[in-house]
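Note: hydrogens, waters and symmetry copies are ignored here, and every other heavy atom, side chains too, is used.
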Amino acid sequence: MKKTHLPYQITVAWSEIDASFEARVPALKGCIAYGDTPEKAVKEVKIAAELWLEAVKKNGFSAPAADTALARLSALAPVLNLSAVAR
C-alpha cells in the first residue's frame with residue numbers, strides 16, 4: 001500500500017464505550033479506527049482510509065470529493081467576507 005496524502009478531515013474523540021480514542025473520516029462512510037492515544041487512532045484511521053479508497057477504486061466507484069478546510073471555506077466564499085474572517 002502506497003502512502004498518499006488524504007484530502008479528508010479526520011475527527012478524534014474519546015469513546016467511553018470502547019475506552020479508547022476513536023478517529024473517523026466523515027467523508028468515508030464507516031471509516032473508523034481506534035487507538036490508546038489520539039496519535040495512534042489517527043495513524044490507524046489513515047491506514048483504514050487508504051484501504052477504503054483502494055476498495056472503492058477496485059470496485060469501479062469514485063472516491064468522495066476532497067474535504068479540506070480550504071474547500072469548505074471556498075464553498076462559503078459567496079456568503080462570507082473572507083477578509084473580515086482573516087482579520
Side-chain angles (χ1 to χ4, degrees):
M1 176 178 10
K2 71 176 189 170
K3 289 276 187 184
T4 57
H5 169 71
L6 296 173
Y8 302 104
Q9 176 187 18
I10 296 173
T11 61
V12 180
W14 176 254
S15 172
E16 285 293 331
I17 294 171
D18 299 300
S20 62
F21 288 94
E22 175 183 280
R24 291 178 177 260
V25 180
L28 309 180
K29 187 173 174 100
C31 188
I32 305 168
Y34 299 89
D36 294 333
T37 66
E39 295 79 13
K40 287 182 182 177
V42 168
K43 181 179 177 183
E44 293 298 321
V45 86
K46 285 181 176 180
I47 293 168
E50 288 177 14
L51 293 170
W52 194 102
L53 291 167
E54 283 179 17
V56 165
K57 189 174 183 178
K58 182 178 178 180
N59 288 294
F61 296 100
S62 297
D67 177 28
T68 64
L70 181 58
R72 290 191 301 273
L73 279 175
S74 295
L76 293 173
V79 296
L80 290 177
N81 179 346
L82 292 180
S83 297
V85 172
R87 280 186 248 135

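No side-chain heavy atom of Arg24 sits under 4.5 Å from any side-chain heavy atom of Ile10. For the pair Pro26/Thr11, a side-chain contact is recorded, criterion being any heavy-atom separation below 4.5 Å from C-beta on. Considering only heavy atoms from C-beta on, Val42 stays 4.5 Å or farther from Glu39 through its side chain.
One finds the CD1 atom of Ile47 at 11.0 Å from the SG atom of Cys31 (value rounded to the nearest 0.5 Å). Summarising the geometry, atom OH belonging to Tyr34 is positioned 5.5 Å from atom OG belonging to Ser15; distances are rounded to the nearest 0.5 Å. Remark: Lys58 NZ to Leu51 CG distance equals 11.5 Å, nearest 0.5 Å.
Residue Val56 comes nearest to Ala63 through the heavy atom pair CG1-N, 4.1 Å, listed as atom of the first residue, atom of the second, then distance. Annotation for Ser20 and Gly35: closest pair CB-O, 3.4 Å, computed over non-hydrogen atoms. The heavy-atom pair separating Leu6 from Glu50 by the smallest distance is CD2-CG, 4.3 Å. Closest approach of Thr37 to Lys40, counting heavy atoms only: OG1-N, 3.0 Å. Shown here for Ala33 and Ala41, the closest heavy-atom pair between the two residues is CB-O, 4.1 Å.
The number of heavy-atom neighbours closer than 6.0 Å to CG of Asp36, taken from other residues, nucleotides and ligands shown, is 12 or below.
Criterion: ILVMFWY side-chain heavy atoms under 4.5 Å apart, direct or through other members. Under it, Val45 and Val12 are part of a common hydrophobic cluster.
Salt-bridge formation is not detected for the pair Glu44/Lys46: no Lys NZ or Arg NE/NH1/NH2 atom is positioned less than 4.0 Å from an Asp or Glu carboxylate oxygen.
Checking side-chain atoms of Tyr8 against main-chain N and O of Pro64 turns up a donor-acceptor pair under 3.5 Å. When atom types are taken as modelled, the side chain of Trp52 and the backbone of Val25 share no donor-acceptor pair closer than 3.5 angstrom.
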